[in-house]
Colleague: 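Got a structure for you, questions after.
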Amino acid sequence: MEDLRVMELNNSHTEFSLSWPGQMLTSLRTLCLDYCVLDTGTSSMLGYMMQLEMLSFFKSRLQGDQFPVEIARLSNLKSLDLRVERSQQPLPHGILSSLKKLEELYMGSPHHLRLGRDKEEERGCLEEIVSLSCLECLQIHVYDLNLLFQLLHQLPIQRLLRFHIVGADHKINQRDLTREYQFRNSFELIYYRYKKRRFVFKQALDPIVSSIVKRAENLTFEGVPCLRNLVSDLDEDGFVNLRRLKLDHEVHQCLIESTTNLVARQVFENLVFMELDHVNLEEICRGNLPPRCFSQLREMKLKYTNIKHLWKGPIEPPSLCSLRTVELRYCHRIVTLFSQSTLKCLVKLQKLVVHQCTNLESIVMREESVNEEVLELPLLETLVMQESGCLCFDSKRETARAFLNQVSLPRLEGLQIKTYRHRPKELVGDGMHSGYLENLKYLQITDSCIGCIAKADGVTILQNLQKLVVNSHGMQLLFEFEGLKVPVLTKTELEILPKLESLELQQSSGLTRIWRNFPRGVRVFQNLRKLIVWECKLLKFLFDPPCVANMLVSLEVLEISDCSEMYGVIGGELGEDQISQEDDAQQQDIVGKHRESSALERSNKLEFVFPKLSSLILIGLPNLLSFAGSRREECELKFPCLTHLKILLCRQLKQLCPGKLDAPNLEKVEVVENAIPVDLKVH
């Protein structure tokens, strides 16, 4: 082992006895004892390794009564990682000052390793760090601002190639250690003792803070008071190196002041991430956005801010052209997010989340000169509007009929909407054309006042929808088919929602039907696998007209519960009121054929087949008379794959159907708390 240069003993409980042959490792250059529990003997073992250049105790527990003081003898040490999980003893005086060649020092936080037993010893430890003339990389947390500023004033910051310095006026919550060595230059200043705000304000404006802020790539300010203008107060050069910015519990008039000629030519040009949390901020930029500002910004999060507009004035590329994610939460004063001209910069926006912004009226403010232009976000994949007062996507009209109209979102995959205060008649308007929502796979509507999802040809643009969840008290029906153009000179049926696999209708107390004016020549739900209906109190029938029941060739799970007005799962006869009304002769011919078909159905035995249904659950349906409705006397139900049937609290249910029930594979039947015994008539 005499020639061994590198040794790792990680994730172990290690005790180095006095007989341990440390003298065999005198040529060792690198020793990693990471994630270990180190007992007595560690210090004496290190005394043999005089050639050691790199030593790491990352996330290890130093259990001995004494800190391994033999580290002070390692005069060739260049890198020392003291980010331990826990040490019973503080760092002794004299160890760091002995390491004259030390280039990299990783200290972690006082939660893990104390710099001394009292303030005086801590001050002495920082002085030892300052004395390290070869130091190029420093990672340290200091939970005393006086000690922090002592360190910053004495340490030649410009000499450091890499640094991660955290300063706070109190012990902040313990952070999980991260094993990073090639970290970006980072500076965090955290302050919450409000009685000394004037003192901290002077510290924040200290030239030494400005010098380190100018070099920082990651910057976090929490609780630093009254910086009027972030750019002019801290870095008049425009934070050209900054990549990540987080402001928490701050007070600013703005981040950028561009109404004067003093603004830098390059402002936040390399910023990638920005988070503003509990920031009393009037606006992000006062005046026009400087050229190339936020040109690399990818993610922006705002929470509990009081700004009214994200951006004001004209914005030209490349500003915002890299933006991929925008999240706003509890920004109650904001009225609109983007101007129409800003959309030309949002070509890479992929995710937009708005949560509890109660005064939000629209996402986009339309401009009069291009009022009829189609709005487009070409790469938007996720749109979430939760508990906002948003009237519609754009501000074209206060009384907009639809939430989405003349809006192209060709890559949108998920749409969640929960709005109030305004009631557009539909979600998808007649200004939406094929391709505008061609990739939408998931749609969730919650507590919304929207009347229905789509009308007429609007239902055909949801052809790739895979999951639909509706939990809305204001919605009366999902789809209105009146006006739908159905091919009449072809045998091919028009497929509606052909890829829908899951439909959940939850607590929709105003829902009376799924659709209205269902036309002939239309086929729906052919790939639906799961259908859950819960607390839709006004829903009397689920499959209405009854022909829909035989279209469910892929349905595997059907659960209906707490629908107090439901009389039958399958509806009654398809009358003229359920056919979309058209005045042309072809449509009249369809109506006539349908009357003949209905008469034929009455004279023949009807058969409803659910070829893949394996689980059927009916719970809390007090008015349910029959699965097949009240009018069928000779109908038959076939469930060739049904294995689980559960009927609970269906007090009027006497039988699933008047005719034959074919369920050859039924294994588990639960009929509980029904006033009338259910005659299954299984054949």
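Reckoned from all heavy atoms, side chains included, excluding hydrogens, waters and symmetry mates. The shown structure was predicted, so the numbers you read here are calculated from the model rather than taken from an experiment.
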Colleague: Would you mind reporting whether L415 and L437 have side-chain heavy atoms less than 4.5 Å apart?
Modeller: no
Colleague: Quick one: CD on E257 to CD on E283, what's the gap to the nearest 0.5 Å?
Modeller: 8.0 Å
Colleague: Look only at the side chain of E128 and the backbone of G94, and say whether a donor-acceptor pair between them is shorter than 3.5 Å.
Modeller: yes
Colleague: Is the backbone of N280 close enough, under 3.5 Å, to the side chain of N306 for a donor and an acceptor to pair up by distance?
Modeller: no
Colleague: Would you name the heavy atoms of V279 and H252 that are closest together and state the gap between them?
Modeller: CG1-CD2, 4.0 Å
Colleague: With a 4.5 Å heavy-atom cut-off, do C331 and I307 have their side chains touching?
Modeller: no
Colleague: For F67 and S87, work out which heavy atoms get closest and say how close.
Modeller: CD1-OG, 3.8 Å
Colleague: How about NZ on K499, more than 12 heavy atoms from neighbouring residues, nucleotides or ligands closer than 6.0 Å, or not?
Modeller: no
Colleague: Give a yes or no on whether a salt bridge exists between E501 and R529, defined as a side-chain N under 4.0 angstrom from a carboxylate O.
Modeller: yes
Colleague: Under a 3.5 Å distance rule, please check whether R292 uses its side chain to pair with a backbone N or O of P290 as donor and acceptor.
Modeller: no
Colleague: Does a donor on one side chain and an acceptor on the other come within less than 3.5 Å for Q356 and E387?
Modeller: yes
Colleague: Please check if atom NZ in K530 has more than 12 non-hydrogen atoms from other residues, nucleotides or ligands closer than 6.0 Å.
Modeller: no
Colleague: Closest heavy-atom contact between S319 and C293?
Modeller: OG-O, 2.9 Å
Colleague: For R215 and Q158: C-alpha separation, side-chain torsions, deciding distance, then whether side-chain contact (heavy atoms from CB on, under 4.5 Å) applies.
Modeller: CA-CA 9 Å; R215 296 193 57 207; Q158 298 303 322; 3.5 Å; yes
Colleague: To the nearest 0.5 Å, what is the distance between NZ (K214) and CG (N241)?
Modeller: 11.0 Å
Colleague: Can you tell me how far the OH atom of Y106 sits from the CG atom of L82, to the nearest 0.5 Å?
Modeller: 11.5 Å
Colleague: When you measure from the side chain of T30 to the backbone of M54, do you find a donor-acceptor pair of N or O atoms at a distance under 3.5 Å?
Modeller: no
Colleague: Considering only heavy atoms from C-beta outward, does the side chain of I284 approach that of L289 to under 4.5 Å?
Modeller: no
Colleague: For a 4.5 angstrom cut-off between non-hydrogen side-chain atoms, does L33 reach L38?
Modeller: yes
Colleague: Decide yes or no for T342 and L337: does some side-chain heavy atom of the first lie under 4.5 Å from some side-chain heavy atom of the second?
Modeller: no
Colleague: Applying side-chain contact (heavy atoms from CB on, under 4.5 Å) to L31 and L46, what does each step give before you reach the verdict?
Modeller: CA-CA 10 Å; L31 175 62; L46 291 173; 3.8 Å; yes
Colleague: What verdict does the side chain to side chain donor-acceptor pair (under 3.5 Å) test give for H355 and E327, after you've listed the backbone C-alpha separation in whole Å, the side-chain angles of each residue and the deciding distance to 0.1 Å?
Modeller: CA-CA 8 Å; H355 182 75; E327 294 187 16; over 6 Å; no
Colleague: Looking at side-chain heavy atoms only, is the closest gap between L343 and L377 below 4.5 Å?
Modeller: yes
Colleague: Would you check if the side chain of T26 reaches a backbone N or O of M49 as a donor-acceptor pair within less than 3.5 Å?
Modeller: no
Colleague: Does any N or O in the side chain of S295 come within less than 3.5 Å of the main-chain N or O of E269, such that one atom is a donor and the other an acceptor?
Modeller: yes
Colleague: Return the orientation label for the F221 and F187 ring planes: parallel under 30°, perpendicular over 60°, tilted otherwise.
Modeller: perpendicular
Colleague: For D169 and L145, indicate whether the former's side chain and the latter's backbone hold a donor-acceptor pair under 3.5 Å.
Modeller: no
Colleague: Apply side-chain contact (heavy atoms from CB on, under 4.5 Å) to residues K441 and N439 and explain how you reach the verdict.
Modeller: CA-CA 6 Å; K441 295 180 175 64; N439 207 39; 2.9 Å; yes
Colleague: Hey, does Y442 have a side-chain heavy atom less than 4.5 Å from the side chain of V469?
Modeller: yes
Colleague: Can you tell me if H153 has over 12 outside heavy atoms packed within less than 6.0 Å of its NE2?
Modeller: yes
Colleague: Can you spot which of L151, N185, I212, L138 makes a side-chain contact (heavy atoms from CB on, under 4.5 Å) with I157?
Modeller: I212
Colleague: If you take all heavy atoms of K119 and L147, which pair is closest and at what distance?
Modeller: CD-CD1, 4.4 Å
Colleague: If every non-hydrogen atom of I129 is compared with every non-hydrogen atom of L155, which pair is closest and at what distance?
Modeller: O-CD1, 4.4 Å
Colleague: So, the side chain of Q139 versus the backbone of G108: is there a donor-acceptor pair under 3.5 Å, distance only?
Modeller: yes
Colleague: Does this structure show an ion pair linking E188 with K246, if we count only N-O contacts that are shorter than 4.0 Å?
Modeller: no
Colleague: Out of curiosity, L219 CG to R243 CZ, how far, rounded to the nearest 0.5 Å?
Modeller: 14.5 Å
Colleague: Between H249 and H278, how do the two ring planes meet: parallel, tilted or perpendicular, split at 30° and 60°?
Modeller: parallel
Colleague: Look at the side chain of R86 and the backbone N and O of V84, then say whether any donor-acceptor pair between them is shorter than 3.5 Å.
Modeller: no
Colleague: In a table with atom names and distances, give each donor-acceptor pair under 3.5 Å that connects a side chain of residues 68-78 to protein atoms at least two apart or in another chain.
Modeller:
{"unit_1": "E70", "atom_1": "OE1", "unit_2": "R73", "atom_2": "NH1", "d": "3.2"}
{"unit_1": "N76", "atom_1": "OD1", "unit_2": "K101", "atom_2": "NZ", "d": "3.0"}
{"unit_1": "N76", "atom_1": "ND2", "unit_2": "M50", "atom_2": "O", "d": "3.1"}

Colleague: Can you measure from CD1 (I256) to CD (Q253) and round to the nearest 0.5 angstrom?
Modeller: 14.5 Å
Colleague: Would a distance-only check, ignoring hydrogens and angles, find a side-chain to backbone donor-acceptor pair under 3.5 Å from T446 to K418?
Modeller: no
Colleague: Between R411 and L379, which heavy-atom pair has the shortest distance, and what is it?
Modeller: NH1-CD2, 3.3 Å
Colleague: Using the ring-ring contact (aromatic ring centres under 6.0 Å, His included) rule, pick out the option among W311, F273, F239 that qualifies with F294.
Modeller: W311
Colleague: How many angstroms lie between atom CZ of R61 and atom NE2 of H112, to the nearest 0.5 angstrom?
Modeller: 11.0 Å
Colleague: Identify every side-chain donor-acceptor pair in residues 296-305 under 3.5 Å, counting partners at least two apart or on other chains, and give the distances.
Modeller:
{"unit_1": "E299", "atom_1": "OE2", "unit_2": "K301", "atom_2": "NZ", "d": "3.4"}

Colleague: Can you tell me how the ring of F183 sits relative to the ring of H164, calling it parallel under 30°, perpendicular over 60° and tilted otherwise?
Modeller: perpendicular
Colleague: Is there a side-chain contact between L105 and L99 in this structure, where contact means two heavy atoms from C-beta onward sitting under 4.5 Å apart?
Modeller: no
Colleague: For atom CZ of R117, is the number of surrounding heavy atoms from other residues, nucleotides or ligands below 6.0 Å larger than 12?
Modeller: no
Colleague: List the steps and the verdict of side-chain contact (heavy atoms from CB on, under 4.5 Å) for V209 and F149.
Modeller: CA-CA 9 Å; V209 173; F149 280 91; 3.3 Å; yes
